[in-house]
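The structure appears right after this line, and notes come after that.
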Amino acid sequence: MEYRFQEIEKKWQHFWKINQTYRVEETSTKPPYYVLDMFPYPSGAGLHVGHPLGYIASDIFARYKKHTGFNVLHPMGYDSFGLPAEQYAIQTGQHPAKTTQENIERYREQLDKLGFNYDWSREIRTSSPAYYKWTQWIFIQLFNSWYNPKTNKAESIDALIKEFEQQGLSAASLSALHGGIETEITPFSASEWVTFTAQKQQGILMNFRLAYLGESYVNWCPALGTVLANDEVVNGLSERGGHPVERKLLKQWSMRITAYAQRLLDGLDHLDWFDSIKETQRNWIGRSEGASVHFPLLNHEGSMEVFTTRPDTLFGVSFLTLAPEHELVNQLTTDEQRAAVATYVSTSKNRSERERMADVNTISGVFTGSYATHPFTKEPIPIWIGDYVLVGYGTGAVMAVPAHDERDYKFATHFSLAIKQVIRPSAAHDFNLGAWTEKTGTIINSDFLDGLSVLEGVQRMISAIAEHGYGSKRINYRLRDAVFGRQRYWGEPIPVYFKGDTPYLIPADQLPLDLPEVDKYLPTEDGDPPLGRATHWKFNEVYEYEKSTMPGWAGSSWYFLRYLDPTNDQCLASPEKISYWGNVDLYMGGAEHATGHLLYARFWCKFLRDIGVVPFDEPFKKMINQGMILGRSSFVYRVVGQQTFVSAGMKDGYETTAIHVDISLVNNDELDLEGFKAWRSEYKDATFLLEPSGVYLCGYEVEKMSKSKYNVQTPDELVDRFGADTLRMYEMFLGPVEQSKPWDTKGITGVHGFLKKYWRLFHLNGSFEVNETTPTKDHFKILHKTIRKIREDLDRFSFNTGVSNFMICVNELTEAKGNYREILEQLTILLSPYAPHITEEIWEKLGHEPGSLYEAAYPDFNPDYLIESDYEYPVSFNGKMRFKVTLPMVLTIEEIQAAILSKPETVKWLEGKAPKKFIIVPGKIVNVVI
RNA sequence: GCGGAUGUGGUGAAAUUGGUAGACACGCUAGACUUAGGAUCUAGUGCCGAGAGGUGUGUGGGUUCGAGUCCCUCCAUCCGCACCA
């Protein structure tokens with residue numbers, strides 16, 4: 001009887017749906033286990049074979065956990081707000097909700113064909129009001145919270161107001177608050193606070209709120225008409241669309257993620273994630289330890305604050321450099337320098353990020369004409385402006401030590417400024433060629449630091465500046481606050497309205513604030529975001545709502561919680577359900593979210609813990625990042641100026657243009673000539689120069705899958721040809737799940753053949769038949785060897801070797817003959833996570849209750865079946881394996897040695913010499929040293 | 001420049017704690033069978049060599065009885081960050 005995969009798969013997919021086989025309840029007494037896939041953005045292109053790679057792996061693992069006694073949650077949903085649907089809406093006038101709905105249906109259809117064990121009763125969509133009600137609710141909580149550095153957690157803003165009413169804000173607590181607070185505020189007393197206007201009070205509180213409206217430099221993309229987060233900008237171009245991005249000072253909603261910098265960094269240590277992702281996050285957070293030092297200004301009030309990681313080189317300072325955007329620039333510029341400074345500042349402001357990055361090596365700068373005083377030597381230090389200093393990092397000002405910093409060195413050489421050596425290098429070094437930047441050597445020319453090592457000097461200087469009140473130890477982070485407002489339509493409305501310039505929250509019981517209808521999805525004529533087009537859209541019919549919407553990452557920062565309780569309209573998820581499931585045990589998804597989604601989700605999780613919504617600090621305990629599946633593009637070669645196409649093997653003799661050709665017209669690099677002519681009208685008269693073998697061979701290249709390269713392989717087509725079970729196993733068989741690899745269907749027949757072979761084990765004589773007698777020892781051995789390997793492979797997420805081990809098992813069982821029920825039944829359970837359809841069919845034929853396979857206990861390994869009386873020893877001479885000898889396991893080392901010595905091969909390989917030494921590891925290896 | 005990862009047959013890859021390198025599969029070669037199929041089965045297949053044998057995991061070195069695996073050097077490829085003070 002033939003393996004009719006199409007019938008079988010259709011039958012069981014229908015069965016699972018009707019019987020809700022994969023529905024999950026919290027009532028189980030089994031321990032919970034939460035497996036989560038990064039939910040997809042439902043794009044118009046549908047799924048390609050790369051998408052399911054991670055879904056298949058997590059599905060196999062979820063099923064395995066189910067078989068081993070866990071109550072497994074494995075949900076799926078859609079990250080359904082986003083730019084592409086909106087761009088499409090702008091072009092076509094179609095409501096983004098409509099295209100999103102259509103795309104979701106297409107995704108669902110494709111996903112259903114692959115036999116996943118998702119509990120679809122828990123499906124969520126970030127764009128549905130019932131979902132974004134809670135995204136808005138979280139925003140409200142963030143707005144109503146501030147980060148208390150004393151308790152190191154978020155607390156209610158009301159407590160801060162109470163503190164202001166009773167004690168005001170002292171200079172001391174202001175400096176304690178400094179981490180992450182950008183805007184300058186002056187201390188005030190409790191009696192002053194109560195005299196402030198509501199507007200002024202709100203303005204002060206805005207410096208503390210975790211969701212806040214603040215002026216900051218943002219990445220502005222004129223083509224998209226919106227603000228982008230740093231991780232949405234790639235090489236100065238927008239990630240989506242590749243449009244230029246410039247810096248612009250804007251009043252924007254932001255998230256004070258910087259308050260959580262240290263906790264985000266510390267939390268990484270306990271996560272079971274790949275090192276590469278953890279390192280990328282550490283890098284992004286960019287903690288550096290150093291000191292802030294104040295240089296009193298000469299002839300001006302106040303001082304200039306710099307951040308340095310090398311306070312040990314303070315005596316080597318020969319000038320100070322300000323970022324062109326620094327607020328002191330104007331004040332410090334002397335009249336003689338004013339023209340030069342104005343020119344410089346305006347050129348560097350107009351230089352986009354991209355240009356700045358493009359020529360890192362060009363040195364530019366200008367002197368302000370002013371000086372500061374060195375805190376220790378009291379010497380005057382010139383103050384310069386240079387665009388190598390970034391306004392957003394540290395204090396936007398640096399102390400330049402040209403002798404021990406490469407950029408300062410270049411700047412000093414270029415402008416002929418002094419270079420003062422303060423460290424004697426620990427190795428030969430020529431200061432005429434560059435700076436000595438190593439943190440080794442002895443400090444010289446530095447008064448009380450002389451003779452110390454760099455590390456000692458750093459500590460000593462930090463205490464010295466603190467003692468004298470010149471500055472303090474400071475930890476600086478590269479991480480910036482996350483911009484939260486987008487000038488876009490298709491996103492969550494921010495639940496805020498304005499009285500004048502002051503924002504107020506919409507009461508939580510009035511959520512969700514629904515996305516209003518608009519006539520067009522473009523900005524208004526006055527430059528307002530699309531929401532400005534909504535008519536009669538005002539709070540209490542009076543106050544203007546906030547017109548920007550939330551960024552794409554808002555909804556995805558907490559979605560893992562909503563699956564636990566997707567229909568709750570009283571809270572984002574009930575505390576009972578949150579505490580039952582806990583955080584995600586296994587998270588599966590792409591590594592490209594390392595600094596975006598994964599950082600924001602961790603931030604919100606920590607915040608939700610601080611306010612008592614969740615009992616854990618991290619959202620995802622263990623994470624596996626699947627590799628990207630690349631496309632294999634095929635090319636034909638057209639002779640320039642003709643309709644003649646040369647086969648790849650002969651193209652060197654001609655001047656040709658390579659043209660992408662649809663991979664469905666190519667089989668094993670051979671082009672379907674008729675299909676090609678029919679593909680496009682312009683090729684209908686094409687002529688071909690063929691290989692000597694009479695075929696046209698295409699060239700190929702490995703590239704990202706994309707429509708424009710005609711290299712997209714959809715799963716549907718392969719499911720139709722080979723079945724979902726084959727595709728599932730083939731995707732796993734390709735290689736380690738975390739590795740990127742080009743897609744290639746060449747090997748799929750091997751996996752398909754394996755399933756047919758498995759099927760044949762039960763259909764030896766044409767009809768279904770199993771042997772009810774007790775299996776032989778050999779059969780038990782084959783089975784238990786496989787049980788052990790399959791379990792080990794699953795436990796270490798080695799799905800590719802799992803498939804291999806199934807193949808070996810089926811090959812051996814085919815060879816051994818004897819279709820014993822006891823063996824094949826166990827094998828069927830073992831295989832079911834990988835190939836759920838075929839195994840359900842077999843399970844039913846074996847006489848079990850349909851659908852009960854999902855609940856069956858996973859086979860246990862019994863080592864007794866693997867005990868051997870003999871072992872085939874590989875015998876090496878000087879580490880080279882020469883021959884094998886089968887010996888009883890019970891032999892002692894001496895007996896093994898005697899047995900080896902008595903072999904004729906041993907005499908041959910000794911070549912008349914006496915063995916120096918025998919290395920004998922019983923049950924493993926024999927090595928003879930000559 | 002900094003950080004992370006990866007280099008093994010014609011191809012995808014395996015070798016979990018240092019112990020028979022290349023399992024499993026594709027491809028290829030030869031053959032069988034046939035209702036001619038994207039079917040099934042048999043044998044072979046790292047490289048050099050007729051064979052005995054030699055040689056072989058990016059390069060060069062080291063530790064070890066024994067190294068794909070551990071240590072050092074260098075090279076290549078990919079990814080992330082990048083004038084970060």
task: Provide the distance between the two C1' atoms, one in B:G61 and one in B:U16, to the nearest whole Å.
output: 29 Å
- request: Return the nucleotide paired to B:U42: Watson-Crick means purine N1 to pyrimidine N3 with N6-O4 or O6-N4, wobble means G-U with N1-O2 and O6-N3, both under 3.5 Å.
  value: B:A30
Rounded distance in Å between the C1' positions of B:A30 and B:A21: 27 Å
P atoms of B:G10 and B:U57, separation to the nearest Å: 13 Å
message: Students often get this wrong, so: under 4.0 angstrom with heavy atoms, is A:Asn811 touching a base, only sugar-phosphate, or nothing?
response: sugar-phosphate
- prompt: Are the charged groups of A:Glu731 and A:Lys741 less than 4.0 angstrom apart, N to O?
  reply: no
- request: Looking at every strand, decide which applies to A:Glu792 at a 4.0 Å heavy-atom threshold: base, sugar-phosphate, or nothing.
  value: base
- prompt: What distance do A:Phe883 atom CZ and A:Phe877 atom CZ have between them, rounded to the nearest 0.5 Å?
  reply: 4.5 Å
query: Is a donor-acceptor contact shorter than 3.5 angstrom present between the side chain of A:Asn283 and the base of B:C81?
result: no
- prompt: Which listed nucleotide (B:C83, B:A13, B:U20) is nearest to the side chain of A:Arg407?
  reply: B:C83
- prompt: Heavy atoms under 4.0 Å, any strand shown: does A:Pro736 hit a base, just sugar-phosphate, or nothing?
  reply: sugar-phosphate
- prompt: Nearest 0.5 Å, what's the CZ-OG1 distance between A:Arg796 and A:Thr801?
  reply: 5.0 Å
query: Roughly how many Å is it from CZ in A:Arg4 to P in B:A39, rounded to a whole number?
result: 18 Å
task: Write down the partner of B:G53 under the Watson-Crick or G-U wobble criteria, each distance required to be under 3.5 Å.
output: B:C48
query: Picking from B:A15, B:A25, B:A39, which would you name as closest to the side chain of A:Phe733?
result: B:A25
query: Can a donor-acceptor pair under 3.5 Å be found between the side-chain atoms of A:Lys746 and the base atoms of B:U11?
result: no
query: Which nucleotide in the list B:C41, B:C84, B:C65 gets nearest to the side chain of A:Lys917?
result: B:C65
message: Nearest heavy atom decides the nucleotide; on that basis, is A:Gly286 or A:Ile277 closer to the 5' end of RNA chain B?
response: A:Ile277
field: Watson-Crick/G-U partner (both atom distances under 3.5 Å) of B:C84
entry: none
- prompt: Counting distance only, does the side-chain N/O of A:Asn878 pair as donor-acceptor with the main-chain N or O of A:Val929 below 3.5 Å?
  reply: no
task: On the 0 to 90° scale, with breaks at 30° and 60°, tag the A:Tyr871-A:Tyr873 ring pair as parallel, tilted or perpendicular.
output: perpendicular
Pairing of A:Arg287 and A:Glu289 as salt bridge, 4.0 angstrom limit: yes
query: Nearest-Å distance, CD1 (A:Ile919) to C1' (B:U64)?
result: 10 Å
message: With a 3.5 Å limit on both atom pairs, tell me what B:A14 is paired to, counting Watson-Crick and G-U wobble, or say none.
response: none
query: Taking the chi torsion of B:G54, is it syn (within 90° of 0) or anti (everything else)?
result: anti
- prompt: Are OP1 or OP2 of B:U16 and a side-chain N or O of A:Arg791 less than 4.0 angstrom apart?
  reply: no
- prompt: Quantified in whole Å, what is the P atom distance between nucleotide B:C71 and nucleotide B:G18?
  reply: 11 Å
message: Heavy atoms only, 4.0 Å cut-off, all strands: where does A:Arg760 land among base, sugar-phosphate and nothing?
response: sugar-phosphate
C1'-based separation of B:G22 from B:G46 [nearest Å]: 7 Å
- line: note: A:Lys884, atom NZ; B:G19, atom C1'; distance rounded to Å ~ 13 Å
message: Could you tell me how far apart A:Ile900 (CD1) and B:C65 (P) are, to the nearest whole angstrom?
response: 20 Å
field: Upstream residue (5' side of RNA chain B) when A:Ser740 and A:Lys880 are each assigned their closest nucleotide
entry: A:Ser740
- prompt: Can you tell me how far P in B:U64 sits from the matching atom in B:G53, rounded to whole Å?
  reply: 30 Å
query: Within the structure shown, what part of the strands sits under 4.0 Å from A:Arg287 by heavy-atom distance: base, sugar-phosphate, or nothing?
result: nothing
- line: Paired to B:A21 by Watson-Crick or G-U wobble criteria (both distances under 3.5 Å) is none
task: Take A:Glu2 and A:Lys756 through the salt bridge (charged side-chain N to carboxylate O under 4.0 Å, His left out) test and state the conclusion after the steps.
output: CA-CA 8 Å; A:Glu2 218 183 316; A:Lys756 282 200 253 184; over 6 Å; no
- request: Assess whether salt bridge (charged side-chain N to carboxylate O under 4.0 Å, His left out) is satisfied between A:Asp269 and A:Arg282, documenting all intermediate values.
  value: CA-CA 10 Å; A:Asp269 296 341; A:Arg282 286 194 187 101; 3.2 Å; yes
message: Just to be sure I understand the rule, does A:Lys789 reach a base, reach only the sugar-phosphate, or reach nothing, if contact means heavy atoms closer than 4.0 Å?
response: nothing
task: Identify which nucleotide among B:G54, B:C24, B:G3 has an atom closest to any side-chain atom of A:Met807, counting heavy atoms from C-beta outward.
output: B:C24
field: Atom C1', compared across B:U55 and B:G51: separation rounded to whole Å
entry: 16 Å
- prompt: How close or far is atom P of B:A25 from atom CD of A:Glu731, stated in whole angstroms?
  reply: 20 Å
- prompt: Between A:His374 and A:Phe315, does the ring centre distance come in under 6.0 Å?
  reply: yes
- request: Can you figure out which of B:A82, B:C41, B:C83 approaches the side chain of A:Arg478 most closely?
  value: B:A82
message: Nearest to the A:Ser276 side chain among B:U20, B:C41, B:G4, which nucleotide is it?
response: B:G4
field: Protein-nucleotide distance (A:Glu905, atom CD; B:U20, atom C1'), rounded to Å
entry: 15 Å
field: Nucleotide B:A52, atom C1' - distance to CZ of A:Phe883 in whole Å
entry: 17 Å
- prompt: B:U40 phosphate, OP1 or OP2: any side-chain N/O from A:Lys756 under 4.0 angstrom?
  reply: yes
query: If you check the A:Trp909 side chain, which of B:A85, B:G19, B:G54 turns out closest?
result: B:G54
message: Taking the C1' atom in each of B:C83 and B:U77, what is the distance between them to the nearest angstrom?
response: 27 Å
Which nucleotide in B:G19, B:G54, B:C83 has an atom nearest any side-chain atom of A:Lys924: B:G19
- prompt: Paired with B:G3 by Watson-Crick or G-U wobble geometry, both distances under 3.5 Å: which nucleotide is it?
  reply: B:C79
field: Sugar-phosphate, base or nothing in reach of A:Asn800, heavy atoms under 4.0 Å
entry: sugar-phosphate
task: Would you indicate what A:Gln739 reaches in the nucleic acid, counting non-hydrogen atoms under 4.0 angstrom: base, sugar-phosphate, or nothing?
output: sugar-phosphate
statement: From the candidates B:A85, B:A21, B:U16, the one with an atom nearest any side-chain atom of A:Arg796 is B:U16
Distance in angstrom units between A:Asp405 CG and B:A82 P, rounded: 18 Å
statement: Winner on side-chain proximity to A:Ile925, out of B:G19, B:C83, B:C24, is B:G19
Side chain to side chain donor-acceptor pair (under 3.5 Å) partner of A:Asn805, chosen from A:Asn800, A:Thr786, A:Asp793: A:Asp793
